[in-house]
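Side chains are part of it too, since the values below use all heavy atoms of this structure and drop only hydrogens, waters and symmetry mates.
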Amino acid sequence: MKTILFFCGLYAAAFAIFHLLFWKIFRWKTALQPLDVVNRGILQILNCRMVYFFMLVAFICFAYPAELLSSRLGHVLLGGISLFWLGRTIEQFIFLRVRDPRVHLLTVIFILGTILFALPIFFK
């Protein structure tokens, strides 16, 4: 199961990097201009906090695998992160109703995160 947690850490780190690239990928310098300064700021701050969260999750998975696997707190944390990805999957269908194959690929990746973080809880 420590191997699974290593992959959980890689998964979280990859999403941190992905979110760091949002400014470039989504051309936020121009794409966010129509928003007022408050909404533009909120969106970017939330994205920065997501990067922090993903890096924290990656660090915990890499540095504390034994604690995640053996403690109730570790299981709660893994379960909470799994539910985070499940919620993100559901939100795809609520907020991103587009017919873009990339959105569907992300949905599959979010389902993978749901499963990946739940596995260590159920298969000790």
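Annotation: side chain of Ile42 is in contact with side chain of Leu46 (closest heavy-atom distance under 4.5 Å). Contact of the Val103 side chain with the Leu106 side chain is not registered, since no non-hydrogen atoms from C-beta on lie closer than 4.5 Å. You'll find the side chain of Phe62 stays beyond 4.5 Å of the side chain of Leu5, heavy atoms only.
Of the candidates Phe84, Phe110, Phe53, Phe110 is the only one forming a ring pair (Phe, Tyr, Trp, His ring centres under 6.0 Å) with Phe15.
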Walk me through it: do Phe18 and Trp23 pass the test ring-ring contact (aromatic ring centres under 6.0 Å, His included)?
-> CA-CA 10 Å; Phe18 179 53; Trp23 281 266; over 10 Å; no
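Atoms OG and CG, on Ser82 and Leu78 in that order, are 8.5 Å from each other to the nearest 0.5 Å. The distance from atom CG of Leu86 to atom OG1 of Thr114, rounded to the nearest 0.5 Å, is 5.0 Å.
Looking at every heavy atom in both residues, Met1 comes nearest to Pro120 through SD-CA, 3.6 Å. Closest of all the heavy-atom pairs between Thr107 and Gln92 is OG1-NE2, 3.1 Å.
Listed for the Tyr11 side chain is no donor-acceptor partner under 3.5 Å among the backbone atoms of Phe117. Within the 3.5 Å criterion, the main-chain N or O of Cys48 finds no donor-acceptor partner in the side chain of His19. The closest donor-acceptor contact from the side chain of Ser71 to the backbone of Leu68 lies at 3.5 Å or more, if one exists at all.
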